[in-house]
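Reading through the structure tokens given below for one structure.
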Amino acid sequence: MHTLAYADVKTAADRIRGHVRPVTVAPAEPADGPYELHLALELMQHTGSFKARGAQNFLLAHREEGTLPAAGVTIASGGNAGLACAWAARRQGVRATVFLPATAPQVKIDKLRGYDADVRLVGTEYAEALAACEAFAADTGALASHAYDHPLIAAGAGTLLDEIHQRIPDLDTVVVAVGGGGLFAGVATAARHHGIRTVAVEPENCRALDAALRAGHPVDVTVDSVAADALGARRATPLAVSAAQREGVHSVLVTDTDIVRARQALWDDRRLAVEHAAATALAALATPAGARTGYRPAPGEKICVVLCGANTDPTDLTRPQATAGPGVRTGEAEVHSGRGPTGDR
């Protein structure tokens, strides 16, 4: 399946209603420019990210079909997808076995175990954990889930846009960060149904969707960004590429410097501690005038930026700050490349 239909998103919305938190949408003052800005605070979702939507849709759909095995569900992810899968599995009363590299942060390991997950540490890279997960599913009959590359996962993520549209019926544009493309594919599909433009934002050095659009098909890319832990997919999904090739989608890039600045500004101005992946979406609107990156809103354009996750270490946000540009402040955190990326978006 290389396309996603709005009917898939609508079915997911009906299925997960009451199982996830409705998104809060807050008005915000744009840093500059005569456009109207809103923030979709999906960082307040269960487990701290939008991933809860897809995880619930995935498991509930399999329960409806009678295909949820006694062996439970398994996934390879040291990030938000693993947390959401474990949370949703506990809510559905099934076992979750989560594979992640031994180098994964202890805080995430502890949180997974707090959701009663069976945590398996394998190797030092995501690929090794994924291989072990696939072998486990084959040996035990456990249902294999994926961080983003599944139509049920993408459709669940797309329910976010329907909720945003209910709150802002005359919305012009939604801005969303892109990794592997699950969130983007779902949101873009629902946005197109409502006549809303989608701006897909990637770090310059995690540009799987941009590269796929240039090539005309998914291709492998190198990964090196401060947001690589969540946006570091080496290849965009066919679902995402198909959605991006449709009318009403704009693909843009941002620098790591702009991502760090946007994340710091969200803390300084609103006391929102978000992941670098979440700040990537806002960074598209905060790039300096004349830059070759980012998105330039038209006068009067009504925009909603999705802040997709909050599973971050906030300690660097409270360090002494220095002015980084007009209306933007940044901390002294080093911009560095991520290790063991999963592309959870």
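All figures in this text were calculated on a predicted structure; none of them were measured in a lab.
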Closer than 3.5 angstrom, by distance alone: can the side chain of [X] be matched with the main-chain N or O of [Y] as a donor-acceptor pair?
X: Arg63; Y: Gln92; value: yes
X: Asn311; Y: Thr47; value: yes
X: Arg271; Y: Trp267; value: yes
X: Asp8; Y: Ala5; value: yes
X: Arg192; Y: Arg246; value: no
X: Arg167; Y: Val25; value: no
X: Glu128; Y: Thr124; value: yes
X: Asp118; Y: Thr97; value: no
X: Ser242; Y: Leu239; value: no
X: Glu202; Y: Asp210; value: yes

Nearest atoms (heavy-atom pairs only) where [X] meets [Y]:
X: Thr318; Y: Thr315; result: OG1-O, 3.1 Å
X: Asp224; Y: Asn205; result: O-CB, 2.8 Å
X: Pro69; Y: Gly141; result: CG-O, 3.4 Å
X: Ala185; Y: Ala154; result: CB-CB, 4.4 Å
X: Ala208; Y: Gly179; result: CB-O, 4.3 Å
X: Ala190; Y: Leu161; result: C-CD1, 3.6 Å

Determine whether [X] and [Y] fall in the same hydrophobic cluster, where Ile, Leu, Val, Met, Phe, Trp and Tyr are linked whenever their side-chain heavy atoms lie under 4.5 Å apart.
X: Val241; Y: Val221; answer: no
X: Leu59; Y: Val98; answer: no
X: Val252; Y: Val226; answer: yes
X: Ile109; Y: Ile75; answer: yes
X: Ile153; Y: Phe99; answer: no

Nearest 0.5 Å please: distance from the [atom1] atom of [X] over to the [atom2] atom of [Y].
X: Tyr148; Y: Phe184; atom1: OH; atom2: CZ; result: 14.5 Å
X: Asp14; Y: Leu60; atom1: CG; atom2: CG; result: 12.0 Å
X: Thr159; Y: Ile164; atom1: OG1; atom2: CD1; result: 9.5 Å
X: Ile196; Y: His193; atom1: CD1; atom2: NE2; result: 10.0 Å
X: Arg53; Y: Leu160; atom1: CZ; atom2: CG; result: 5.0 Å
X: Leu112; Y: Cys85; atom1: CG; atom2: SG; result: 9.5 Å

Go through it in stages, so that I can follow the logic: the residues are Asp170 and Lys302, the test is salt bridge (Lys or Arg N to Asp or Glu O under 4.0 Å), and I'd like the CA-CA distance, side-chain angles, deciding distance and then a yes or no. CA-CA 8 Å; Asp170 55 346; Lys302 187 170 290 189; 2.7 Å; yes

Got a salt bridge between [X] and [Y], using NZ or NE/NH1/NH2 to carboxylate O under 4.0 Å?
X: Arg234; Y: Asp220; value: no
X: Glu42; Y: Arg21; value: no
X: Asp116; Y: Arg113; value: no

Pair His146 and Phe58, ring centroids less than 6.0 Å apart: no

Less than 4.5 Å apart, side chain to side chain, heavy atoms only: is that true for [X] and [Y]?
X: Ile168; Y: His38; answer: yes
X: Leu143; Y: Thr74; answer: no
X: Pro203; Y: Ile259; answer: yes
X: Asp162; Y: His194; answer: yes
X: His250; Y: Thr198; answer: no
X: Val119; Y: Leu100; answer: yes
X: Val306; Y: Val175; answer: no
X: Arg207; Y: Leu253; answer: yes

Is it the case that [X] and [Y] place a side-chain donor and acceptor less than 3.5 Å from each other?
X: Arg263; Y: Thr312; answer: yes
X: Asn80; Y: Glu275; answer: yes
X: Glu301; Y: Thr173; answer: yes
X: His276; Y: Asp229; answer: no
X: Asp110; Y: Gln106; answer: yes
X: Gln56; Y: Arg91; answer: no
X: Thr237; Y: Asp149; answer: no
X: Asp258; Y: Thr255; answer: yes
X: Glu163; Y: His165; answer: no

Start with the C-alpha gap between Leu266 and Leu282, add the side-chain angles, then the distance that decides, and say whether side chain to side chain contact (heavy atoms under 4.5 Å, CB included) holds. CA-CA 9 Å; Leu266 283 166; Leu282 184 62; 3.6 Å; yes

Evaluate the criterion side chain to side chain contact (heavy atoms under 4.5 Å, CB included) for residue pair Tyr35 and Leu285; output intermediate values, then yes/no. CA-CA 11 Å; Tyr35 61 91; Leu285 304 180; 3.8 Å; yes

Determine whether Ile303 and Tyr295 satisfy the following criterion, side chain to side chain contact (heavy atoms under 4.5 Å, CB included), listing intermediate values before the conclusion. CA-CA 11 Å; Ile303 297 175; Tyr295 178 73; 4.2 Å; yes

Using the six-membered ring wherever Trp is involved, compare the ring planes of His46 and Trp87 and label them parallel, tilted or perpendicular (cut-offs 30° and 60°). parallel

Side chain to side chain contact (heavy atoms under 4.5 Å, CB included) evaluation trace for Asp256 with Glu204: CA-CA 8 Å; Asp256 273 9; Glu204 280 190 317; over 6 Å; no

